[in-house]
Every structure is written in C-alpha cells, then in structure tokens.
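The structure appears below as structure tokens.
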There are 2 protein chains.
Amino acid sequence: MATVDPDTARTAALDAAESLFYARGVQSVGMDEIRSASGIPLKRLYQLFPSKTDLVEAYLRRRDTSWLLSLSRYADARPDPRGRVLAVFDWLEGWFAEPEFRGCAFVNAFGELGASSPGVVEAVADHKAAFHRYLAELARQTTPARADAARADRLAAQLALLTEGAITTAAITGTSEPARQAQAAARALLSMP
Amino acid sequence: MATVDPDTARTAALDAAESLFYARGVQSVGMDEIRSASGIPLKRLYQLFPSKTDLVEAYLRRRDTSWLLSLSRYADARPDPRGRVLAVFDWLEGWFAEPEFRGCAFVNAFGELGASSPGVVEAVADHKAAFHRYLAELARQTTPARADAARADRLAAQLALLTEGAITTAAITGTSEPARQAQAAARALLSMP
DNA sequence: CGATCGCGAGAACGCTCGTTCTCGCCACAG
DNA sequence: CTGTGGCGAGAACGAGCGTTCTCGCGATCG
C-alpha cells in the first residue's frame, strides 16, 4: 500500500511538472527536480510515468483540457454571441497579466522538442484543433449567415491566428497589449459580412 | 596563419549552426555536431564564439537581418502600397511551403531557452521590433489617413499578430493555408477606415 | 511471532555535452 | 638548418541527467 493513493500522487507529479516545464522548458528541468517539487519519490514517478516523455505528454494533455475549460467557462458566461467571441480576448488579457505567463505551453514544447517526439507533436496538434473547434462553435452563433459551417470556419481560422499571434507576442514583449489589439482586429472581422 | 580566413570560417560555422539549430532546436544540437557539419575545428569555433551562447546569439542576429531582407526585397518590389502589405503574406506562403520550414526561429529559441539567457531574449525582442517597424512603414504608405504614425502603428500591430499566428499555425499544422487565411484577414483590416 | 512484500531515500550507472588540454605537424623567422 | 609558434585532430574532464539498483524499514499475512 502506497503512502498516498495513486491519484493524489499523479496529481502532485503533474502539478510540479506543469509549473516547472512551463516556466523553464522541458529539457532544462530534470526528473530529480520534479521529485523534490512534488514530494513523489523517483521510483513512484517512474511507476506512474514510465519515462520523462510520458510525463511530458501527460502534462500537455492535462493542460489542454484545463486551459480550454477555463477559457470556455469565462466566455460562455456572456449572454450575446458576439460578446462571447470578444470575451476570448478579455480572458487572454487576464492570462497575459499573470506573472507566470510564458506564452503557449504547446508552442513552446513544439519548438523545443520539435519533430523528435511524435507524441508531443500529436498533443500539440490536438490542442490547436480543439481550440479551433471551440472558436468555430462561437463563430457559428454570431450571425445567421455564419450558421453555414464553412463561413464560420473561415472566421474561426482568422480568430485563431489573432489569438496565436497575441499569445506569442505577449510572451515576448511581456505586455498584455496584444490582447487588446487582437480584440480590436476581431471586432473588425466580426463586422464584416 | 589559419587554414581558412576568419570570415569564411565564421560564415561556415554560422551556416551549420543555422540549419542545425533551426531544424532541431538549440539544446539538442551539440558543439561537436556543428564542428562536423561546418568542418571548423572545435578550437577554432571557440576562438570565434567563446561559448555556445555566443554562437546561438550570433545565429539569431544573422537570421534576423537575412529574414527581414528577404521579405522586404520581395514586398518592396510591388508597385502599389496595398499590394506591398499583401505581398508579405504571399512571401509567407512560399516560406511555409519550404520543406525545412519549422516556424519562427526566434519564437522557438525563446520558448526553449526562455528567461534563462538574457542575450537570446534581447535578440528575439529586437527581431520582433524590427519586423513591427517594417510593417508600420508599409502601413503608413497605404492611405493618407495612415500617414499619421499612431494609425499606421495600430494597423501594423494587427498585421504583426496575424503574421505571428500564421507562422506558428503553419509550423504546427504543416500546411501553408494560414498564409492565405491571414491575407484574407489583412485584406479586411486594410479596407477599414 | 516470523517471513515477505512494497515502499522511500538516495546511491549508482551510463551517456551526453560544453569546454579545455595534449600532442604531433607544418610554416616560417633567424 | 633549426627553433618556435600556431594549427588541426581528437582525447580528456567534469557536470548534469534519465533511468535503474540497493538497502533498510514498516506493514501485512499465515
């Protein structure tokens, strides 16, 4: 019988992995540091995640769902469809202002590990696809004309580019201004037929 | 007297560093691999660049100027101001289609090395600032109203977000479609007053 | 009550990598 | 012709890291 139950240990390990990997990148954080930050012994870490790669992928998958959940909870609260789209950028602005903000965890992992680890590539692609689906759903509700899936998709793709660009630019410049600039652009795109 | 003159050696080293660092990331490429790819002995590499960090920064700085030069040569050839702005996205589309394309070298380096190396952070910030200045110059020429610097800057910031987002998205999805989507959005933004 | 199993703590192993050192060689100065 | 200084090739060193192994302890089961 373990000192703590497997679920608690798994959560503790992923918590430590998330803050360390996100803050400093994957390659510069050793398993030993995750052990000391989480309090989970190395042996147990390797029982839960057979290799560091598995831990990295689990970190990305968990972050995918929690990130999108946090965003959608915020945006879905707005009553009108247009407001829900614009709320995405309000949410971004708050995220950018957090002191731990360091850009998109998925883009960072992709740039760092690149084509060398297919599991990471897949997790990153899945995250971007899920985000795009969410934006398309929001876009579809804005005007009757965009109930047409293709039209909604076209807008969603443009909104996704603005979001992606805002995240990256905010990370590099260290300001949250890109969220407001992206929102202004989104407003312009929304007003187009 | 050296086997090859310092300039040639420096160029060979930077050529090797550029293709290897860009293709696989900074941390997974060792100095020994740069030696064998460039033919420059390790000792000479360390004379030219006292540490790997120096080589990384020199790689980013050289790529900054050549990237912007290539883009501006392409876009500046267009006769009308609006066409110059839209040409940026044509150029992106060609870049995305190259087999070696792997996203923005600066974003990748930033995500990988993060706050740990101030020189890299500075090089990345300088690159983004230079690109923004170039876009602002293009924007200023589009309409008389945007001769006003603040208005041109506002448009340039939005175009920069679209570009950044397109580069990242193209890298992850492996298609050059984001260039066309970004261009469509840019067209819409240009048509706004 | 004694044997056994699973656990935590951390040492150990094998590998990689940034950086430096050694050594033999060639070109040139005196 | 001989001494010297810089060069290339590559060994060497020291640190870090992913992963596994050892050991001692505490609980569990017959």
Side-chain angles (χ1 to χ4, degrees), chain A residues 1-60 109 112-120, chain B residues 1-60 109 112-120:
Chain A
M1 176 187 166
T3 299
V4 295
D5 73 292
D7 268 22
T8 315
R10 200 185 157 84
T11 303
L14 285 173
D15 286 347
E18 177 157 5
S19 51
L20 289 170
F21 285 158
Y22 181 62
R24 311 220 314 266
V26 170
Q27 309 214 55
S28 31
V29 172
M31 291 297 276
D32 216 62
E33 208 160 351
I34 286 167
R35 176 194 59 89
S36 66
S38 66
I40 311 295
L42 222 44
K43 203 178 185 180
R44 209 147 161 62
L45 275 182
Y46 275 93
Q47 283 172 354
L48 294 163
F49 309 96
S51 73
K52 190 182 181 181
T53 302
D54 293 285
L55 177 59
V56 171
E57 290 174 18
Y59 144 64
L60 290 176
E112 184 174 354
L113 306 170
S116 72
S117 41
V120 169
Chain B
M1 176 185 166
T3 300
V4 295
D5 73 293
D7 269 22
T8 314
R10 200 184 157 85
T11 302
L14 284 173
D15 287 346
E18 177 157 4
S19 50
L20 288 170
F21 285 158
Y22 181 62
R24 311 219 315 266
V26 170
Q27 308 213 59
S28 31
V29 172
M31 291 297 276
D32 216 61
E33 209 161 349
I34 286 167
R35 177 193 60 88
S36 66
S38 67
I40 310 296
L42 220 46
K43 204 184 192 176
R44 209 149 163 58
L45 275 182
Y46 275 94
Q47 283 172 354
L48 294 163
F49 309 96
S51 73
K52 189 182 182 183
T53 303
D54 293 285
L55 177 59
V56 172
E57 291 174 19
Y59 143 64
L60 290 175
E112 184 175 356
L113 306 170
S116 73
S117 41
V120 169

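Computed from heavy atoms alone, side chains included, the values below leave out hydrogens, waters and symmetry copies. Order of the sequence lines sets the chain letters (A, B, ...), proteins ahead of strands, with each chain counted from 1.
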Calculate the interatomic distance between [X] atom [atom1] and [N] atom [atom2]; express it in whole Å.
X	N	atom1	atom2	result
B:L45	D:dG8	CG	C1'	12 Å
A:R35	C:dG8	CZ	P	12 Å
B:R44	D:dC7	CZ	P	6 Å
B:I40	D:dC7	CD1	P	13 Å

Does [X] use its side chain to pair, donor to acceptor, with the backbone of [Y] at less than 3.5 Å?
X	Y	value
B:K52	B:G30	no
A:E112	A:Q27	yes
B:S117	B:G119	no

*Which atoms form the tightest heavy-atom contact between A:A37 and A:L20, and what is the distance?*
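Answer, listing the atom of A:A37 first, then A:L20: CB-CD1, 3.9 Å.
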*So which heavy atom on A:S38 is nearest to which on A:A16, and how close?*
CB-CB, 3.7 Å
*Where each pair must be Watson-Crick or G-U wobble with both distances under 3.5 Å, what dot-bracket representation of DNA chain D is obtained, with crossing pairs in [ ] and other-strand partners as |?*
||||||||||||||||||||||||||||||
*asked:* For the CD1 atom of A:I34 and the CG atom of A:D15, what is their distance to the nearest 0.5 Å?
replied: 11.5 Å
*Would B:D32 and B:R35 satisfy salt bridge (Lys or Arg N to Asp or Glu O under 4.0 Å), going step by step from the backbone distance to the final call?*
CA-CA 5 Å; B:D32 216 61; B:R35 177 193 60 88; 3.3 Å; yes
_Within the 4.5 Å heavy-atom criterion, are A:F49 and A:L14 side-chain neighbours or not?_
yes
*asked:* Strictly under 4.0 angstrom, non-hydrogen atoms only: write out the protein contact profile of nucleotides 17-27 of chain D, one letter per nucleotide from the 5' end, B, S or -.
replied: -SBB-B-----
